[in-house]
Amino acid sequence: MIFTIAIDGPAAAGKGTLAKALAQHFGFAYLDTGLLYRATARKVLDGLDPVAAAKALSPHDFTRDGLRTAKVGQGASKIAAMPKVRAALIDFQQKFARQQGGAVLDGRDIGTVICPQAEIKLFVTASDEVRAARRFAEISQKNETATLALVLEDLRQRDQRDRDRATAPMIQAQDSILLDTSDLDASQALAKAIAIVALHPGLLT
Ligand code: CDP
């Protein structure tokens with residue numbers, strides 16, 4: 001069975017948590033595509049050329065320290081605006097999406113560019129304040145210098161760059177379902193998403 005669940009949306013909207021839980025529920029493979037851009041950005045911070053860094057990604061690059069920091073996130077959003085960087089990463093993502101057994105991918109352009117034929121497309125959002133509070137709660141134990149205001153500013157800057165870029169901008173696909181998680185916790189968001197996916201006839205083939 002080939003079945004793709006594409007999950008897109010702005011930073012810290014809960015896409016990763018939802019995507020991972022959906023993959024586990026349905027027994028599908030899961031790919032955090034943001035990690036491809038973060039791992040590339042980490043190598044660029046080491047001095048590599050962005051396109052060369054994207055082409056040379058290896059499994060070790062995904063386990064390095066610091067991939068989740070705001071600095072690497074900002075770097076990721078800058079190199080993610082480069083068409084040649086995106087082109088270097090597209091083939092891997094497209095093959096992953098259409099593998100046998102089902103796949104869940106989360107990112108910014110999964111339903112629009114990577115897999116327009118995805119069986120299910122979700123666009124996951126939450127208010128800026130809720131997203132900032134979630135990310136702040138996530139990082140404040142590790143990062144004593146973080147403040148809620150700085151986290152909010154970081155997310156807004158990144159969202160604007162991701163929305164405004166010419167190549168594969170973050171945009172809700174016309175045929176996607178909007179899931180606003182502002183007033184939902186992780187398990188409520190998962191229950192809604194499962195209910196949407198479970199209705200799809202393609203699951204039975
Ligand atoms: O976890 P968070 O939502 O903060 O970000 P992420 O999913 O790890 O993505 C980091 C950055 O990578 C984003 O701000 C985007 O610029 C870029 N990205 C992208 O352009 N396309 C994707 N499919 C995934 C991430």
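What you see is a predicted model, and the numbers here were worked out from it, not measured in a lab. Ligands are counted one by one from 1 in listed order, and the atoms in each one are counted from 1 as well.
Donor-acceptor pairing under 3.5 Å is lacking for the side chains of Tyr37 and Arg108.
Nearest heavy atom pair, residue Ala29 against residue Ala23, reads O-CB, 4.2 Å.
Paired with Val124 under the rule side-chain contact (heavy atoms from CB on, under 4.5 Å), one option of Ile177, Asp8, Thr17, Ile7 passes, and it is Ile7.
The neighbour count for Asp164 CG, taken as heavy atoms of other residues, nucleotides or ligands under 6.0 Å away, is above 12. The local environment of CG in Leu57 is crowded, with over 12 non-hydrogen atoms from other residues, nucleotides or ligands closer than 6.0 Å. Open room surrounds CD on Gln160; 12 or fewer heavy atoms of other groups in view lie less than 6.0 Å from it.
Contact annotation: Arg86 has at least one heavy atom less than 4.0 Å from an atom of ligand 1. The shortest separation from a heavy atom of Met170 to ligand 1 is not under 4.0 Å, leaving the residue out of contact. Using a 4.0 Å cutoff on heavy atoms, Arg165 counts as a contact of ligand 1.
Protein heavy atom closest to atom 1 (O) of ligand 1, with residue, atom name and distance, is Arg135 NH2, 3.3 Å. Protein heavy atom nearest atom 3 (O) of ligand 1, with residue, atom name and distance: Ala12 N, 3.0 Å. Scanning all protein heavy atoms for the shortest distance to atom 8 (O) of ligand 1 gives Arg38 NE, 2.6 Å. Among all protein heavy atoms, the one lying closest to atom 7 (O) of ligand 1 is Arg108 NH1, 3.2 Å. The closest protein non-hydrogen atom to atom 12 (O) of ligand 1 is Tyr37 CB, 3.6 Å. At the shortest separation from atom 17 (C) of ligand 1 among protein heavy atoms lies Ala80 CB, 3.8 Å. The closest protein non-hydrogen atom to atom 24 (C) of ligand 1 is Thr33 OG1, 3.4 Å.
Between Lys43 and Asp61, at least one side-chain nitrogen of the basic residue sits less than 4.0 Å from a carboxylate oxygen of the acidic one, meeting the salt-bridge criterion. No salt bridge links Lys55 with Asp49; every basic N to acidic carboxylate O contact stays at or beyond 4.0 Å. Electrostatic pairing of Asp32 and Arg68 counts as a salt bridge here, judged by a charged N lying under 4.0 Å from a carboxylate O. Comment: Glu138 engages Arg135 in a salt bridge, judged by a side-chain N to carboxylate O separation of less than 4.0 angstrom.
For atom 25 (C) of ligand 1, the nearest non-hydrogen atom from the set Ala13, Ala19, Gly34, Gly16 belongs to Gly34. The heavy atom nearest to atom 15 (C) of ligand 1, considering only Leu89, Asp106, Asp162, is found in Asp162.
The contact set between ligand 1 and Lys15, taken as ligand atoms under 4.0 Å from a residue heavy atom, comprises 3 (O). Ligand-side atoms of ligand 1 in range of Gly107: 22 (C), 23 (N), 24 (C), range being under 4.0 angstrom from any heavy atom. Here is the list of ligand 1 atoms found below 4.0 Å of a heavy atom in Ser77: 14 (O), 16 (O). Atom numbering of ligand 1 starts at 1 in the shown order; those under 4.0 Å from a heavy atom of Ala11 are 3 (O), 4 (O).
Ring orientation note: the planes of Phe3 and Phe28 are tilted relative to one another, at an angle of 30° to 60°.
Only side-chain heavy atoms of Arg158 come within less than 4.0 Å of ligand 1; its backbone N, CA, C and O stay farther off.
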